[in-house]
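Contents: one structure, followed by commentary.
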Amino acid sequence: MGKIAYIIILVLLVGCTGGTDEPVPGGGVEIRLSLSGFTRTRAVDADNLESEQTIKNISIFLTQPSSGTITHSFVDVGFSTVDDYRLVTLPVEASELATRDIYVIANYSGTDLTAISTVSEMRDLKTPEVDKTNNLDPEDGFCMYGKTLGFDFLSGETAEVYVRRACAKIRVTMTFPDAPGLSSSNEFLIANAASYTFVTYEATGLLLTTDDYFNFAANLPLTDNGDGSYTGIAYIYEASAHPVLYLYTHIGGSAAAQEYSAELPLPERNHLYDCDVRIYSESASLRSAATGRYILETTVTGYDPDGTAVGSTLVRDVIEL
């Protein structure tokens with residue numbers, strides 16, 4: 001009777017190992033997948049929204065060190081979520097792999113990745129296209145890519161790969177420092193955004209044509225935060241041309257919107273571009289003595305995937321009513 005009970009328990013345990021909630025115990029090798037950048041240095045906040053961490057599928061490719069030929073492919077492999085990373089257990093023994101280069105693609109919904117046999121083919125992959133009416137949505141899962149070269153699976157350690165989102169994040173904050181409430185209707189728009197980019201960051205030297213860029217179809221709202229600031233977020237693909245930020249504000253409740261534009265830096269994947277927009281009234285700090293003139297200052301600060309500032313620009317202009 002005891003032997004029968006033991007067999008039943010064993011069957012139940014084996015039946016619980018499927019799915020993606022828990023890693024498969026025993027056998028195989030593990031790969032730990034982490035999002036490069038803000039998740040490693042900060043808690044979830046305005047720079048690192050939880051929705052931006054969405055991962056819906058993972059594909060892993062292995063090659064011999066420095067080889068362009070893929071020896072093992074694991075497309076849409078199961079994974080579990082552990083703290084702030086994903087854990088994948090591959091059905092292959094460490095002794096078979098020894099040392100390998102590891103490539104990871106996440107949230108890819110284009111061509112069938114099982115047909116990829118070389119690293120060169122991987123570098124030709126493009127992200128799914130978006131257009132002026134179909135903006136990137138973090139809930140859909142941003143396409144991500146990462147690699148770890150020369151990992152020794154016989155070391156007894158868990159392989160770790162950091163992936164980067166193939167898009168950049170634009171955050172716009174508008175304030176009226178000396179005249180809160182000067183305008184409660186504020187919007188922005190992105191022009192010259194790329195309709196796609198390349199999945200791997202090793203192909204970004206390839207230039208897109210003018211036909212590969214578009215302007216957002218409609219203005220995006222700057223939300224009133226209740227503290228005198230108005231904020232909005234947009235995501236755009238990494239590209240080789242400068243996008244343009246257009247700002248619209250109804251100063252003094254005017255029916256017509258005042259328009260202002262500023263060129264943004266070249267968008268790089270997984271970078272944050274913080275656009276701090278300040279509009280001063282005519283008398284603020286003697287900036288202007290003319291009636292109906294407002295000084296607009298925009299500071300754009302870029303942050304790399306580790307949250308380090310990599311450049312800042314200040315643009316000043318005058319709004320004439």
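For the single chain, residues carry numbers from 1 onward in sequence order.
In the hydrophobic cluster analysis, where Ile, Leu, Val, Met, Phe, Trp and Tyr join through side-chain heavy atoms closer than 4.5 angstrom, Val130 is grouped together with Leu220. Linking ILVMFWY residues whenever their side-chain heavy atoms come closer than 4.5 Å, directly or via other members, leaves Val310 and Ile170 in distinct clusters. In the hydrophobic clustering of ILVMFWY residues, with side-chain heavy atoms under 4.5 Å counting as a link, Leu314 and Tyr303 come out apart. Both Val104 and Val92 are members of a single hydrophobic cluster when ILVMFWY side chains are connected at heavy-atom separations under 4.5 Å. Tracing side-chain contacts under 4.5 Å through hydrophobic residues (I, L, V, M, F, W, Y), one never reaches Leu154 starting from Val161; they form parts of separate clusters.
Between the side chains of Thr114 and Asp112, at least one donor N or O sits under 3.5 Å from an acceptor N or O. Residues Glu96 and His72 have side chains that bring a donor and an acceptor to within less than 3.5 angstrom of each other. At a cut-off of 3.5 Å, with distance as the only test, a side-chain donor of Thr299 or Arg278 sits close to an acceptor on the other residue. Side-chain atoms of Thr231 and Asn225 form a donor-acceptor pair, as typed in the model, at a separation below 3.5 Å. Using modelled atom types and a 3.5 Å distance limit, the side chains of Thr173 and Ser229 yield no donor-acceptor pair. Checked by atom type, the side-chain pair Tyr248/Asn186 shows no donor-acceptor distance below 3.5 Å.
Of the possible polar contacts, one joining the Thr71 side chain to the Leu62 backbone as a donor-acceptor pair under 3.5 Å is found. Side chain of Glu160 to backbone of Ser34: no donor-acceptor contact under 3.5 angstrom is found.
Within the 4.5 Å cutoff, the side chain of Val300 has heavy atoms near those of the Pro265 side chain. No side-chain heavy atom of Arg171 sits less than 4.5 Å from a side-chain heavy atom of Tyr273. Between Ile279 and Met174 the shortest side-chain heavy-atom distance falls below 4.5 Å. Annotation: side chain of Met122 is not in contact with side chain of Val199 (no heavy-atom distance under 4.5 Å). Leu222 places a side-chain heavy atom less than 4.5 Å from the side chain of Val172. Looking only at side-chain heavy atoms (C-beta outward), Ser184 and Tyr230 come within less than 4.5 Å of each other. A heavy-atom distance below 4.5 Å is not found between the side chains of Phe188 and Asn219.
Using cut-offs of 30° and 60° for the angle between ring planes, the Tyr145 and Tyr103 rings count as parallel. Phe198 and Tyr196 have perpendicular rings, their planes meeting at more than 60° on a 0 to 90° scale where under 30° would count as parallel.
Paired with Asn57 under the rule side chain to side chain contact (heavy atoms under 4.5 Å, CB included), one option of Leu113, Ile105, Val77, Asp76 passes, and it is Asp76. Exactly one residue among Asn134, Thr133, Asn135 makes a side-chain hydrogen bond (donor to acceptor under 3.5 Å, both in side chains) with Asp131. That residue is Thr133. With Asn270 as the fixed residue, the side-chain hydrogen bond (donor to acceptor under 3.5 Å, both in side chains) test singles out one of Glu238, Arg165, Glu52, Arg164: Arg165.
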Quiz item: Yes or no on ring-ring contact (aromatic ring centres under 6.0 Å, His included) for Phe142 and Tyr235, after CA distance, side-chain angles and deciding distance?
Solution: CA-CA 10 Å; Phe142 297 131; Tyr235 302 91; 4.8 Å; yes
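One distance of note links CD of Glu268 with SG of Cys167; it measures 13.0 Å at 0.5 Å rounding. Here the straight-line distance linking atom CG of Asp317 with atom OG1 of Thr298 works out to 8.5 Å at 0.5 Å rounding. In this structure, CD1 in Ile58 is found 9.5 Å from CG in Leu87, a value given to the nearest 0.5 Å.
Both tests pass for Arg32 against the ring of Tyr85: distance under 6.0 Å to the centre and angle within 45° of the axis. In this structure, Arg100 fails the cation-pi test against Phe153, since its NZ or CZ atom is not both closer than 6.0 Å to the six-membered ring centre and inside 45 degrees of the ring normal.
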